[in-house]
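What follows is a single structure, written as structure tokens, with notes after it.
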Amino acid sequence: MVRPVEPDPYEREPDLITHHAHNGTEDPYDDRYDDRHESTPLGAEGDEPYDEEPAEDEDGDKNKTLTPKQRKKRRWKIIRRVLYAMFGLFVVVPAIAFVITYFLVDVPSQESVASLQSQPITLTYADGSPMGKIAPASGGSRYLLKPGEIPDVVKHAVYAAEDSSFETNSGFDVGGILRAVYNNVTGGQGGGSTISQQYIKKATANEAPTLTRKWTELAKSFKMNNQMSKEEIITAYLNTIYFGRGANGIEAAAQAYFKKPAKELSSSEAALLAGLIQGPSRSENDAYAQRRWNFVMDQMVANNWLPAAERAAATYPKPIPKAQAKADDAGTLSLHIRNRVIDELEARGYDQDRLHQGGFKITTTIDPKAQKMAEESVAEGMKGQTDENILNALVAVDPKTGGVVAYWGGPDWTKNEQGQDVQAHDWANVPHNPGSAFKAFDLAAWLKMGKGLGETFDGSNNRKFDVGGGNYRTIKNAGESANCGTQCTVAEAMKVSANTVFYDMVINKTKVDPVAKAAKEAGVETADEGGTSILYPDINIALGGGRTVTTAEDMAAGFATFAGEGVRQKQHFVAKLTNSQDEVEFDETAPKGTPAFSDDADKSKQIAGNVTDALEEVVPYSKLKCPSGHDCAGKTGTQQYDFKDSDPASYRDRNAQTWMVGYTPSISTAVWVGGDGNKPLHDKNNKPIYGRTIAGPIWEDFMSRYLTGKPAEKFGKVKPIGKDARTVVTTTAQKPPEKSTPPPETTSSTPPPPTSTEPTETTPTKPTKPTKPPWSRPGPGTSDPLFPNTGDP
């Protein structure tokens, strides 16, 4: 028999009708299409590839396991769909939204921007009575230059500083936009605004760092570049941008800084002004201005707008001294107060340009009655003085709020060498050596260590101290008899202002840094915190000498923390800021203080109270009086004149700076009477001046005027820290014995600075009988047995 021939596995008989899918009898194992059409993208009907669908089992269920090829195709399918969605979300939708925004927004004209910048700033006293107004700076600020009138050197300087691609870009910088988005998402600041964008931001007065503002800004910038030429855009920008000194626009800036029209500016002068656009509030910061000037000059060379040879020969252009016309102000507004208010607001992000655009109203902390009293007290105290080098300042601070209630820094105007009226120095904001007045902060650092007023030191005169390196320094008290014995309590040393005790305390016990820290905690603001005082880290800080200098404002604020029972209220001039719609921007009228000397409020209060205990005795000892019914505490200070070999012998005992800083629970006042630098000052009797001789009486007169009619006030009682001074038996003051072998005194690499020379007189002290609670105080004007109310020479 013949064996039947097996058909080729790849050949099949013609399909029977029973196998057709249409009659429901399709063979589930028929995989001919899978085998023969692996590369076919679609089936005959245009369906998805067969191998992207899992196979069916005999029961018609989908097979849950996919082949690698099926999984790969499915992944790419998902990726394609995600990419389509992202393209629509991030390209198509924004493009449509941008087109809609483009047609909805308008580009503001430079005339409308200029009109916004013309609104006056209104200032009032703390009681709401008018103080004055600040109008936009004169000198061309409202004069709008026309296209073609701005010289190329000015335009190139601005391009170099702000937007080097201005001539070619379309109004916005893609890289800058991405940076702005990133910073907005991550909480950072800054972006990359073009000149067009900056103009729009200035025109809308919208500084909010939001994506919504940036989006609208981009649409307006793009529209601006389509409607205006580059020359028109840069002209509008330079007519309206703020340069500091109250000057809006390049013409006003040229007048405010160089007293010349913009068309006469040199490349160096133009670079200075262009550099200030990013930080107009720092226009008087020479270091910042010079750094920006160098940057702009270098960028001008890099962009071929300035020859390298001209850059190499260029020097920094010194602007004229900052001054404003008197006609810009109205009412009784003091120029020094106005400047302090503006400086404070600029530090909070409200420069003059923004204030003018918003028509803001500023409520200051200045009490009109207290201000008048301060000026009258200074005038009374200076009556009859003949030394033309004597200057003065008075600042009073409310311990409960930190508000400056009275501020006198000298006259607003003075004559220069050419006889012209120029803005005078604000002596209340110029730092000077505080002398012995700084010992209050030595004491605060001492008390923070847990040491008390009853601890004793050698208060003898002419003590020698080892200052390191084999060198010794002799520290004197004020005269041979001005000492309080070899067992002098800290309390007694503060009263008689014994230099040797506090020098010993700082060099051997507290060290320098804790003293500086205590001063900063109390309210002395150093340059790194936006202030002007300097707390130099050397031993001279113990006596308020050397390179340690403080302002009258900082001393009043620092002592206000003692008056406020250890709670520091940051000193300020602005009580409230409202816009033209009477919407409050911020309100500082409510106390916002924090414990100064310790995180523990009770501990900080105890430290401040112990400082007050010691300072209470200084006032009567200096022959100064407290207003009836009020407790007072304070400290005088005197810094000696640095004698020169060429000086007359009479200058050897002269002094250069004097102070009286004191307080009650409701007011802290610092009075400075001194010279501009190291000057040998004398009073109307041709005698040296001291803290108690001119500054003291001015302080006393102001405190009497201010507190008259006000409710009586007493300091709160606190427990003594460490050893109580009232339980210590001290030795009788005497001249220190001669030592047979004194240590050699060698010359330091740097000569010792002038020391505090507070005049004192010491009488023998008596043992104290603790017949009352150790934390109680004597009443005002009375004398405690440990603190005899002795005379002051």
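- Side-chain contact check for Leu123 versus Val341: some heavy-atom pair is nearer than 4.5 Å.
- Counting non-hydrogen atoms of other residues, nucleotides and ligands closer than 6.0 Å to NZ of Lys570 gives a total above 12.
- Put simply, the side chain of Asn579 never gets that close to the backbone of Lys361: no donor and acceptor are under 3.5 Å apart.
- Classification of Glu284 and Arg245 as a salt-bridged pair holds, one side-chain N sitting under 4.0 Å from a carboxylate O.
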Steps toward side chain to side chain contact (heavy atoms under 4.5 Å, CB included) verdict (Val574, Thr363): CA-CA 6 Å; Val574 181; Thr363 302; over 6 Å; no
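- Shown here for Ala271 and Met297, the closest heavy-atom pair between the two residues is CB-SD, 3.5 Å.
- In this structure, NZ on Lys260 lies 5.5 Å from OG on Ser266, to the nearest 0.5 angstrom.
- For the residue pair Ala247 and Tyr242, the shortest heavy atom distance occurs at O-CD1, 3.3 Å.
- Leu355 contributes atom CG, which lies 8.0 Å from atom CD of Glu346 (distance to the nearest 0.5 angstrom).
- Here the shortest heavy-atom pairing between Ala556 and Val395 reads CB-O, 3.5 Å.
- Between atom NE2 of residue His356 and atom CG of residue Asp351 there is a gap of 9.5 Å, rounded to the nearest 0.5 Å.
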Verdict with supporting geometry, Arg568 and Glu525, salt bridge (Lys or Arg N to Asp or Glu O under 4.0 Å): CA-CA 12 Å; Arg568 183 195 173 185; Glu525 295 188 342; 3.3 Å; yes
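- Residue pairs meeting the side-chain hydrogen bond (donor to acceptor under 3.5 Å, both in side chains) criterion with at least one partner in residues 302-314, sequence neighbours excluded, are Ser267-Glu310, Asn294-Arg311, Asp298-Arg311.
- The 12-atom threshold is exceeded at NZ of Lys644, counting heavy atoms of other residues, nucleotides or ligands nearer than 6.0 Å.
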Verdict with supporting geometry, Tyr159 and Gln299, side-chain hydrogen bond (donor to acceptor under 3.5 Å, both in side chains): CA-CA 9 Å; Tyr159 297 162; Gln299 287 297 108; over 6 Å; no
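- At a cut-off of 3.5 Å, with distance as the only test, no side-chain donor of Gln423 or Trp413 sits close to an acceptor on the other residue.
- The residues Glu553 and Arg340 are annotated as salt-bridged, a charged nitrogen and a carboxylate oxygen being separated by less than 4.0 angstrom.
- Checking side-chain atoms of Glu232 against main-chain N and O of Ser229 turns up a donor-acceptor pair under 3.5 Å.
- Put simply, the side chain of Phe586 reaches to within 4.5 Å of the side chain of Leu345, judged on heavy atoms.
- Ser165 places no side-chain N or O within donor-acceptor distance of the main-chain N or O of Thr168, the cut-off being under 3.5 Å.
- Within the 4.5 Å cutoff, the side chain of Pro434 has no heavy atoms near those of the Trp672 side chain.
- Taken to the nearest 0.5 Å, the CG atom of Asp676 stands 6.0 Å off from the NE2 atom of His425.
- For the atom pair CG of Leu238 and CZ of Phe243, the computed distance is 5.5 Å after rounding to the nearest 0.5 Å.
- Asn678 places a side-chain N or O within 3.5 Å of a backbone atom of Asp642 that can act as its donor or acceptor partner.
- Neither side chain, Asp286 nor Gln290, offers a donor N or O lying under 3.5 Å from an acceptor on the other.
- Pairing each heavy atom of Leu276 with each of Ala289, the nearest pair is CD2-CB, 4.2 Å.
- For the pair Lys230 and Phe166, the cation sits on the ring face: its NZ or CZ lies under 6.0 Å from the ring centre, inside 45° of the axis.
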Side chain to side chain contact (heavy atoms under 4.5 Å, CB included) between Thr578 and Lys576, intermediate numbers included: CA-CA 7 Å; Thr578 57; Lys576 187 167 63 174; 4.2 Å; yes
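- The CG atom of Asn285 sits 7.5 Å away from atom CZ of Arg291, with the distance rounded to the nearest 0.5 Å.
- The closest side-chain donor-acceptor pair between Asn239 and Glu251, if any, does not fall under 3.5 angstrom.
- The side chain to side chain contact (heavy atoms under 4.5 Å, CB included) search around Pro431 returns Thr532, Val549, Thr551, not counting sequence neighbours.
- The number of heavy atoms from other shown groups lying within 6.0 Å of NZ (Lys592) is above 12.
- Shown here for Asn248 and Thr240, the closest heavy-atom pair between the two residues is OD1-O, 4.1 Å.
- Side-chain atoms of Thr364 come within 3.5 Å of backbone atoms of Thr124 as a donor-acceptor pair (strictly under, hydrogens ignored).
- In this structure, Leu273 and Val158 have side chains that are not in contact, with every pair of non-hydrogen atoms separated by 4.5 Å or more.
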CA sep, side-chain torsions, deciding dist, call: Lys146, Thr235, side chain to side chain contact (heavy atoms under 4.5 Å, CB included): CA-CA 7 Å; Lys146 296 180 176 59; Thr235 301; 5.8 Å; no
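- The minimum heavy-atom distance between Leu577 and Ile362, with the atom names listed, is CD1-CG1, 3.6 Å.
- Using cut-offs of 30° and 60° for the angle between ring planes, the Phe573 and Tyr407 rings count as perpendicular.
- A donor and an acceptor atom, one from each side chain of Tyr257 and Glu269, are nowhere located under 3.5 Å apart.
- In summary, Glu588 and Arg348 engage in a salt bridge, as defined by a charged side-chain N under 4.0 Å from a carboxylate O.
- By the neighbour-count criterion of 12 heavy atoms within 6.0 Å, atom OH of Tyr536 is sparsely surrounded, having that number or fewer from other residues, nucleotides or ligands.
- Between Trp293 and Pro317, the closest side-chain pair of non-hydrogen atoms falls below 4.5 Å.
- The closest side-chain heavy-atom distance from Trp427 to His336 is not below 4.5 Å.
- Proximity of Ile366 to Met131: side-chain heavy atoms (C-beta onward) are separated by under 4.5 Å at one or more points.
- For the 3.5 Å distance criterion, the side chains of Ser334 and Trp408 fail to qualify, holding no donor opposite an acceptor.
- Look at Asp152 and Lys155 and you find a salt bridge, because one of the NZ, NE, NH1 or NH2 atoms lies within 4.0 Å of a carboxylate O, short of that distance.
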Working for side chain to side chain contact (heavy atoms under 4.5 Å, CB included), residues Thr526 and Ile534: CA-CA 5 Å; Thr526 54; Ile534 299 173; over 6 Å; no
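- Side-chain contact between Leu265 and Lys263: absent, with no pair of heavy atoms (C-beta onward) separated by less than 4.5 Å.
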